[in-house]
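Have a look at the structure below, then the notes.
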Amino acid sequence: MADFDEIYEEEEEEDEERALEEQLLKYSPDPVIVRGCGHVTVFGLSNKFEAEFPSSLTGKVAPEEFKSSINRINSCLKKNLPINVRWLLCGCLCCCCTLGCSMWPVVCLSKRTRRSIEKLLEWENNRLYHKLCLHWRLSKRKCETNNMMEYVILIEFLPKNPIFRPD
């Protein structure tokens, strides 16, 4: 019976921690959305993101740091997206002859581009933004103008964890 009580107490502590996390998340501000603003979009990924500093990040991060992060992401897109567009055109031309198999390279390259951006964002988070209680991530969202999906950069505000010191 003593073992059962210990498990029950651990579950009770987990429930309290979960409730505390939910309460902290409830009071955090809405995330900032940075949309793509390029002319070319391949599988929902635009060829560049807006470098304009959002007003809701004032006091959280320096505009220069924000702009340098966006420029790093845009340079990654500038390097990878033209190759994806070429393969997309090639795949579309050969699609009938290959029964759609010529589209696989485009899908794989698009996935590789997304992963490289996610790795870049993770590096940025570890380098700077987690220290500022921010978390950047690539997220798939519905477009405002139509029913298509697009990838956006979501900047979430992380709750500050209280530091408990045993006396």
Side-chain angles (χ1 to χ4, degrees), residues 21-95 98 100-163:
E21 286 178 12
E22 288 175 3
Q23 184 179 8
L24 287 173
L25 288 174
K26 186 168 66 171
Y27 294 113
S28 64
D30 290 334
V32 177
I33 298 174
V34 180
R35 298 197 180 282
C37 65
H39 301 293
V40 179
T41 303
V42 178
F43 291 114
L45 194 58
S46 183
N47 65 335
K48 71 178 190 175
F49 285 98
E50 290 181 33
E52 183 181 330
F53 186 73
S55 61
S56 56
L57 290 178
T58 304
K60 302 279 186 194
V61 65
E64 296 82 19
E65 282 293 333
F66 176 83
K67 191 167 185 165
S68 67
S69 296
I70 293 292
N71 286 339
R72 281 188 202 97
I73 294 166
N74 286 341
S75 67
C76 179
L77 287 170
K78 187 178 180 180
K79 183 177 77 174
N80 291 328
L81 225 54
I83 299 167
N84 294 9
V85 171
R86 287 186 203 123
W87 274 102
L88 180 64
L89 292 174
C90 203
C92 287
L93 291 173
C94 303
C95 190
T98 61
C101 291
S102 60
M103 295 302 283
W104 277 107
V106 183
V107 173
C108 293
L109 286 172
S110 179
K111 195 173 194 178
R112 187 178 87 180
T113 303
R114 270 196 331 267
R115 282 191 179 152
S116 66
I117 292 172
E118 287 169 351
K119 283 183 182 180
L120 178 64
L121 290 175
E122 192 60 37
W123 178 79
E124 290 280 348
N125 283 331
N126 291 332
R127 181 184 69 87
L128 175 70
Y129 294 112
H130 281 172
K131 295 171 189 167
L132 300 174
C133 293
L134 296 172
H135 181 76
W136 289 42
R137 68 183 176 97
L138 195 64
S139 178
K140 191 184 276 191
R141 293 283 171 117
K142 195 173 185 178
C143 289
E144 293 176 345
T145 56
N146 53 28
N147 289 333
M148 304 290 283
M149 298 295 279
E150 69 175 338
Y151 283 96
V152 296
I153 296 174
L154 205 62
I155 305 172
E156 299 170 322
F157 297 94
L158 298 176
K160 293 182 181 179
N161 293 332
I163 299 173

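All values below come from the heavy atoms of this structure, side chains included, with hydrogens, waters and symmetry mates left out. The chain is numbered in sequence order, starting from 1.
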The test is side-chain contact (heavy atoms from CB on, under 4.5 Å); show your working for I153 and I70 and say whether it passes.
CA-CA 10 Å; I153 296 174; I70 293 292; 4.1 Å; yes

Please report the C-alpha distance between L134 and V32 in whole Å, then the side-chain angles of each, then the deciding distance to 0.1 Å, and finally whether the side-chain contact (heavy atoms from CB on, under 4.5 Å) criterion is met.
CA-CA 10 Å; L134 296 172; V32 177; over 6 Å; no

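K131 meets the side-chain contact (heavy atoms from CB on, under 4.5 Å) test with no other residue; sequence neighbours excluded. In terms of the side chain to side chain donor-acceptor pair (under 3.5 Å) criterion, S110 has no residue partners (sequence neighbours excluded). When the side chain to side chain donor-acceptor pair (under 3.5 Å) test is applied to R112, no partner is found at least two apart in sequence or on another chain. Partners of N125 by side chain to side chain donor-acceptor pair (under 3.5 Å), not counting sequence neighbours, listed by chain and number: H135. Applying the salt bridge (Lys or Arg N to Asp or Glu O under 4.0 Å) rule to R72 yields the partners E124; only residues at least two apart in sequence or on another chain are considered.
Contact annotation: the side chain of K142 approaches that of M149 to within less than 4.5 Å [non-hydrogen atoms, C-beta and beyond]. In this structure the side chain of I73 reaches within 4.5 angstrom of the side chain of L121, judged on heavy atoms. By the 4.5 Å heavy-atom criterion applied to side chains, F157 and L132 are not counted as neighbours.
For the pair S46 and C37, the tightest heavy-atom approach, listed with the atom from each and the gap, is OG-N, 3.8 Å. Scanning all heavy atoms of the two residues, the minimum distance from T113 to S116 falls at O-OG, 2.8 Å. Taking each heavy atom of L120 and C76 in turn, the nearest pair found is CD2-CB, 4.5 Å.
In R127, the CZ atom is crowded: over 12 heavy atoms of neighbouring residues, nucleotides or ligands sit closer than 6.0 Å. Open room surrounds CD on E52; 12 or fewer heavy atoms of other groups in view lie less than 6.0 Å from it.
Between the CD atom of E50 and the CG atom of N74 there is a distance of 10.5 Å, given to the nearest 0.5 Å. Taking CG from L158 and OH from Y129, the interatomic distance works out to 13.0 Å, rounded to the nearest 0.5 Å. Expressed to the nearest 0.5 Å, how far CG of N71 lies from NZ of K78 amounts to 10.5 Å. Note: L128 CG to W123 CH2 = 9.5 Å, rounded to the nearest 0.5 Å. In this structure, I33 CD1 and S139 OG are separated by 8.0 Å, a value rounded to the nearest 0.5 Å. The line from CD1 of I155 to CG of L57 is 5.0 Å long, rounded to the nearest 0.5 Å.
Note on residues 148-158: pairs passing salt bridge (Lys or Arg N to Asp or Glu O under 4.0 Å), not counting sequence neighbours, are R35-E150, R137-E156.
Aromatic ring pairs are classed by plane angle as parallel below 30°, tilted from 30° to 60° and perpendicular above 60°; the pair W136 and F66 is tilted.
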